[in-house]
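To keep things clear, I will list the structure first and then write my remarks on it.
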Amino acid sequence: MTLKSGAKRKQTSALGTPGYAPPEQYQGNADARSDLYALAATLHHLVTNRDPRNSAPFAYPLARTVNPLVTADTEYVLERALKMSPGDRYQTARSDEA
């Protein structure tokens, strides 16, 4: 799902696990990019063994500073997917997205 400029987001319930849910979800404004954020939060936890529920909200250290075995490409993907602003994240899960 790609949102065009000025597109209206569907209002959703403000539910989610702290540390995994993106900021906009707490305002009831989740969309497909919110799911990508939650997936990235889960993957970050898996590759770093750092539970985001035990840290400041929305604070993710670079994965390789926690686990040097994480590749630079993986770290880049996680960093982009965990941006605070949905517009700065991946807009879709398509592999051909620039």
- Query: So, do Leu36 and Thr92 sit near enough that their side-chain heavy atoms are less than 4.5 Å apart?
  - Reply: no

Distance-only donor-acceptor pairs under 3.5 Å for side chains of residues 37-46, two or more places apart:
from  : atom 1 : to    : atom 2 : distance (Å)
Thr42 : OG1    : Ala38 : O      : 3.0
His44 : NE2    : Pro61 : O      : 2.8
His45 : ND1    : Tyr20 : OH     : 2.5

Scanning both residues in full, the closest heavy-atom pair of Phe58 with Ala21 reads CE2-O, 3.4 Å

Output for pair (Tyr90 OH, Arg33 CZ), nearest 0.5 Å, gives 14.5 Å

What one should report as the nearest heavy-atom pair of Met84 and Pro23 is CE-CG, 3.6 Å

Ala30 and Gln25 have their tightest heavy-atom pair at CB-CG, 4.3 Å

Taken to the nearest 0.5 Å, the spacing of Leu82 CG from Asp88 CG works out to 12.5 Å

The salt bridge (Lys or Arg N to Asp or Glu O under 4.0 Å) partners of Arg64 (sequence neighbours excluded) come to Glu75

*Are the side chain of Gln91 and the backbone of Arg89 linked by a donor-acceptor contact shorter than 3.5 Å?*
yes

*Consider only side-chain heavy atoms of I, L, V, M, F, W and Y, link residues closer than 4.5 Å, and tell whether Tyr60 and Tyr26 are in one cluster.*
yes

Nearest heavy-atom contact between Asn67 and Thr48 is CB-CA, 4.5 Å

With no hydrogens and no angle check, is any side-chain donor or acceptor of Ser34 less than 3.5 Å from a backbone partner on Asp31?
yes

The side-chain hydrogen bond (donor to acceptor under 3.5 Å, both in side chains) partners of Asp51 (sequence neighbours excluded) come to Arg53

Checklist line | Greater than 12 external heavy atoms within 6.0 Å of Asn54's CG | finding: yes

